[in-house]
Structure formats: C-alpha cells, structure tokens
Amino acid sequence: MTEKKTVLTDIDNRGVARITLNRPEVRNAMNEVLIRDLTDAVDVVAADDGVRAVILTGRGKGFCAGGDLRWMRKTADCTVEENHADGQKLGWMLNKLNTMPKPIIGLINGHAFGGGVGVVACCDIAIASTGAKFSLSEVRLGLIPATIGPYVVRKIGQAHSRRYFLTAEIFDAHRAEAISLVHAVAEPDQLEAKGEEFVGHLLLGGPKAHGICKDLILQVSDREVDSDLIEWTSRLIADTRASAEGKEGSSAFLEKRKPAWQVSD
C-alpha cells in the first residue's frame, strides 16, 4: 500500500509554491511522518531557484492541531534520548522554515494549537481566518513549548509569551493579530484572496533580495549596534549593489522599466 502523503507541494507558473499539510482527519496534527515530510518539502522548495514565494496552509478545517495524540502516547513510553531525537527533528524542521530564503505566507485556515503556533510564528506573513483559534496548550498536558519557544517569543514578545505560555488560554484570530502572531485577519471565503494580495507584493521584489532581507532580520534582531554590525551591514549593501540583481534593479528604476524578475501583466 502506498503511504499517504502528509504534505502536498505544488509550484505554479509564477514560481509560487504551495505547501499543504495533509492530515485533515486529525486537523493536520503533527507526528513523526508529517515532521519528516514537511522538512523534505521545505528543503526542496528552498533549493529551487524558480520559487519566488511560498504559501503554507492546511487541508480541511484545521491548520495544525499540534501534536498527534497517538504519537504523543507513543513518545510517553520512549526514553529521554529517544524523545530528545524526536525533539531535534521538530526543532530542525522549524529552523528550516524560519530561515528559508524565500518569503513564506501562512494561510491559517483553522485552529493552530501547540506546535501549530510554532509553525505560524515561522511564517514571514501570516493571515488568519476569522474562524481560527490559537493556543499554546502544552502546560495543560504537563509539557512545555520548548522547541517552538524561540520562534514564538521572538514573534509575540516576552510579555505575551509570559501570559499565553502559562495560561494556555484559547484566543481568536483578532487577538492573534493584536499580539503580532498574525499580520491580518480575513473571512474564510476571503483568505485565499488576501493571500494573493501579499503574493502580488512579493512578486515585485528581487528574489535574491528577499533571501538576504530574511537573513538580515535574523542577524540584527536584538543585537547591539556596534562597529562590527555597522561594518557587516555596510559590506552587505555594497555586495548587494554590486550583484547582478542589484544592478538590474537600479538600472530598471533609472530607465523607468520593470526589472527582469517582475512577472508581466
């Protein structure tokens, strides 16, 4: 019997990749197979020079319900070292999502609990359906949001993390927007259209510039502005200006034409 694909990947003729979590029967809850398949999908898309932007969403009524109960029951009987190995797989998957050199738009079509919140936090742009609910629910199971913690804390800050990590409250899409977990909220039938609006913005930008911008944000966040940082950023802009993409963009601006990477109307 062919193993069901827990993650689906499609790339359209604009270079927009769509990665869909495909376990709708359990609201796309994570298990070891989904973590493996999502890691593989991210690797493939990240390495594809033709991909300009990524849409990440879930199939069915949920975005990602966190850890699959059957998987969690199995891990309860595992050794500390076995659980460590599982945690590393999840940790590296999140890291690859977070550092992918392509902009990621998360279409949060339904509930995101536990690890699902971590996936949302790794998206560059997140748009939530009005029907979506969120919860950092780990403490109610006697667990902690450890592997997702670095991404969630960076996204919503210490103050909100102190509350929601500890209370495990369920909050709605508008509250998620208020604490900066998501950037916009849309009615369910407008979620795709809102995503396309952001895709349109992204396709106007230089593909390599997007990847460099993402790395820039990660490198300078919470870092003291000292002589080393000034030197690094000045070197970065010099290298970017001298690159083929930088030269093309500058020439296109001065010549009042579209740069080569922009999709024709």
Gap separating the CG atom of Leu8 from the OG1 atom of Thr57, nearest 0.5 angstrom: 11.5 Å

Asp124: partners by salt bridge (Lys or Arg N to Asp or Glu O under 4.0 Å), with sequence neighbours left out: Lys214

Under the side-chain hydrogen bond (donor to acceptor under 3.5 Å, both in side chains) test, residues paired with Glu25 that sit two or more places apart: Lys4

Over all atoms of both residues, closest heavy-atom pair of Cys123 and Lys155: O-NZ, 3.2 Å

Side chain to side chain donor-acceptor pair (under 3.5 Å): pairs with one or both residues in residues 125-139, sequence neighbours excluded: Thr130-Glu187

Between Asn22 and Arg59, a side-chain donor and acceptor under 3.5 Å: yes

Electrostatic pair Glu248-Arg257, nearest N-O below 4.0 angstrom: yes

Identified side chain to side chain donor-acceptor pair (under 3.5 Å) counterpart of Thr6 within the set Thr20, Asn28, Asp37: Asp37

Qualifying residues under side-chain contact (heavy atoms from CB on, under 4.5 Å), relative to Ala17, sequence neighbours excluded: Ile11, Val45, Val51, Val54

Residue Arg241 excluded, over 12 heavy atoms near CZ under 6.0 Å: no

Straight-line distance of Phe171 CZ to His174 NE2, nearest 0.5 Å: 13.5 Å

Min side-chain heavy-atom separation Asp239-Ile212 under 4.5 Å: no

Name the atoms and distances for all side-chain donor-acceptor pairs under 3.5 Å in residues 194-202, with sequence neighbours left out.
{"residue": "Glu196", "atom": "OE1", "partner": "Arg14", "partner atom": "NH1", "Å": "2.9"}
{"residue": "Glu196", "atom": "OE2", "partner": "Arg14", "partner atom": "NH2", "Å": "3.2"}

Atom of Cys64, atom of Leu21 and distance for their closest heavy-atom approach: CB-CD1, 4.0 Å

Glu192 vs Leu107, side-chain contact (heavy atoms from CB on, under 4.5 Å): CA-CA, chis, key distance, verdict: CA-CA 8 Å; Glu192 292 287 341; Leu107 296 186; 3.7 Å; yes

Sequence-distant partners of Trp232, side-chain contact (heavy atoms from CB on, under 4.5 Å), two or more places apart: Asp215, Leu216, Gln219, Val220, Leu229, Leu236

Pairwise distance NZ(Lys89) to CD1(Ile35) - rounded to 0.5 angstrom: 8.5 Å

Polar side-chain atom of Arg18 near backbone of Asp10 as donor-acceptor pair, under 3.5 Å: no

Cluster link Val153 to Leu94, ILVMFWY, side chain under 4.5 Å: yes

Backbone N/O of Ala209 and side chain of Glu245: donor-acceptor pair under 3.5 Å: yes

Which atom of Ile125 lies closest to which atom of His183, heavy atoms considered: CA-ND1, 3.5 Å

Short side-chain to backbone donor-acceptor contact, Trp261 and Pro207, under 3.5 Å: no

Test side-chain contact (heavy atoms from CB on, under 4.5 Å) applied to Gln88 - qualifying residues, sequence neighbours left out: His84, Trp92

Closest non-hydrogen atom pair, Ile127 against Ala186: CG2-CB, 4.4 Å

Side-chain heavy atoms of Leu204 within contact of Lys258, under 4.5 Å: no

4.5 Å side-chain heavy-atom contact, Leu56 and Ile105: no

Listed once per pair and sorted, the salt bridge (charged side-chain N to carboxylate O under 4.0 Å, His left out) pairs that draw on residues 97-115, sequence neighbours left out: none

Atom pair CD1/CG of Ile104 and Leu97 - distance to nearest 0.5 Å: 5.0 Å

Verdict with reasoning, Arg154 to Ser221, per side-chain contact (heavy atoms from CB on, under 4.5 Å): CA-CA 9 Å; Arg154 283 170 173 77; Ser221 294; 6.0 Å; no

side-chain hydrogen bond (donor to acceptor under 3.5 Å, both in side chains) partners for Gln158, two or more places apart: Arg162

Closest non-hydrogen atom pair, Cys122 against Tyr151: SG-CG, 3.7 Å

Backbone of Ile230 reached by a side-chain donor or acceptor of Thr233 within 3.5 Å: yes

Spatial distance of atom CZ (Phe63) from atom CZ (Phe113) [nearest 0.5 Å]: 13.5 Å

Side-chain donor or acceptor of Glu177 paired with backbone N/O of Val182 under 3.5 Å: no

From CZ (Arg52) to CG (Asp12), nearest 0.5 Å: 11.0 Å

CA sep, side-chain torsions, deciding dist, call: Leu136, Ile148, side-chain contact (heavy atoms from CB on, under 4.5 Å): CA-CA 10 Å; Leu136 291 148; Ile148 68 171; 3.6 Å; yes

side-chain contact (heavy atoms from CB on, under 4.5 Å) against His160, all qualifying residues, sequence neighbours excluded: Ile156, Tyr164, Arg175, Ile179

Residues Asp172, Phe134; criterion side-chain contact (heavy atoms from CB on, under 4.5 Å); working and verdict: CA-CA 6 Å; Asp172 64 16; Phe134 302 82; over 6 Å; no

Heavy-atom side-chain proximity of Met30 to Leu90 below 4.5 angstrom: yes

With sequence neighbours excluded, residues passing side-chain hydrogen bond (donor to acceptor under 3.5 Å, both in side chains) with Lys96: Asp43

Closest non-hydrogen atom pair between Leu191 and Asn109, with its separation: CD2-CA, 3.7 Å

All side-chain hydrogen bond (donor to acceptor under 3.5 Å, both in side chains) counterparts of Glu231, not counting sequence neighbours: none

